[in-house]
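Read the structure below first, then the notes.
These numbers come from the heavy atoms of this one structure, side chains and all, not from hydrogens, waters or symmetry mates.
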Amino acid sequence: MKKLIEMIKIGLSFFTIVPAGKRVEWTERKVAGTLLFLPVLGGVLAFLLSGVIKGEELFSPLVFSLLLLFIPIIITGGLHLDGWMDVSDAYFSHQNREKKLAILSDPNVGAFAVISLLVLLSFRFMAIYELVRVEEVSFPLLVMILSGARLSSAFLLMYTKSAKESGLAFYFQSGITPPIKRGFWIEVLLFFGFCAFVSPLLCFVLGGALLLYTFCARIFFQRQFGGITGDSIGATIEGGETFLWIIMWLFQLFVMA
């Protein structure tokens, strides 16, 4: 129980702006264990956003959509958006693999990073706003989106080789053990069990979308960088959230209409 609490504190400290892990000893195994916290964090974010949902009638659809867009970014400190921007700079540089990896480590922000960030958030806001207009945004829907994207990133970290023998992804992977992998698949079963309870049809659509997204992301990172990096995991989360918001919107628009 003590180790579990320590892993939760490390996860909060690493993946959010909450400085909970300052007095905890960080080891490779504990850090790797925080991967199990990633999908749970999606549920925590959904719970926090449920307070905004309860006050939906106080806001216009525009303001409500902006709150749903920016609150998760604020709570996570923009950590994953930084990964999206770095990956965008590296990819659009059209350099060889070694130079792309060097760009990922460069703290400077290029033009393509800014452009891709605007595109990402614009598409996400579009999907959120259109979904708010046609359907009530619920706590289960938020769990599916925020936890689903993090399940995808956790899978990539556990089952895709690191692009280099250093960096954040390699650090996480160094501590992964069979119990952590078993815990991950238990979380996957719980997640899809929850989705099936909410809506079997939506669970089927969501499962197919997540499978396609994770497969494409894995192939992309392997071809571009030779594996995953810490930045690619952040990019997977941010891209996944946007992708799932769009899927949810299209599902309501064409299937449930």
Exercise for review: Please assess L36 against E187 for the test side-chain contact (heavy atoms from CB on, under 4.5 Å), listing each intermediate value before the final yes or no.
Suggested key: CA-CA 8 Å; L36 300 179; E187 286 188 330; 3.9 Å; yes

Check your understanding: Looking at residues at least two apart in the chain, or sitting in another chain, which of them share a side chain to side chain donor-acceptor pair (under 3.5 Å) with S147?
Key -> none

Point to revise | Residues that T160 engages under side chain to side chain donor-acceptor pair (under 3.5 Å), provided they are two or more places apart | key: R218

Practice item. Give a yes or no on whether F123 atom CZ has more than 12 heavy-atom contacts from other residues, nucleotides or ligands under 6.0 Å away. Key: no

Review point. Got a sec: does the CZ of F204 have more than 12 other heavy atoms crowding it under 6.0 Å?
Key: no

Check your understanding: Apart from I219 itself, what residues make up its hydrophobic cluster when side-chain heavy atoms of I, L, V, M, F, W and Y under 4.5 Å apart count as a link, directly or indirectly?
Key -> F215

Check your understanding: What pairs of residues pass the ring pair (Phe, Tyr, Trp, His ring centres under 6.0 Å) test when at least one of them lies in residues 62-95, not counting sequence neighbours?
Key -> Y91-F220, F92-F112

Exercise for review: Would you kindly say whether K100 and T229 are connected by a side-chain donor-acceptor distance under 3.5 Å?
Suggested key: no

Review point. Do S116 and S88 have side-chain N/O donor and acceptor atoms under 3.5 Å apart?
Key: yes

Exercise for review: Report the C-alpha separation of S152 and T214 in whole Å, then their side-chain angles, then the decisive distance to 0.1 Å, and conclude whether the side chain to side chain donor-acceptor pair (under 3.5 Å) test is met.
Suggested key: CA-CA 6 Å; S152 180; T214 305; 2.8 Å; yes

Check your understanding: What pairs with F155 under ring pair (Phe, Tyr, Trp, His ring centres under 6.0 Å), at least two apart in sequence or on another chain?
Key -> Y159

Check your understanding: Can you list the residues that meet the salt bridge (charged side-chain N to carboxylate O under 4.0 Å, His left out) rule with E241, with sequence neighbours excluded?
Key -> R124, R150

Check your understanding: Which atom names give the shortest non-hydrogen contact between P72 and L68, and what distance separates them?
Key -> CD-O, 3.3 Å

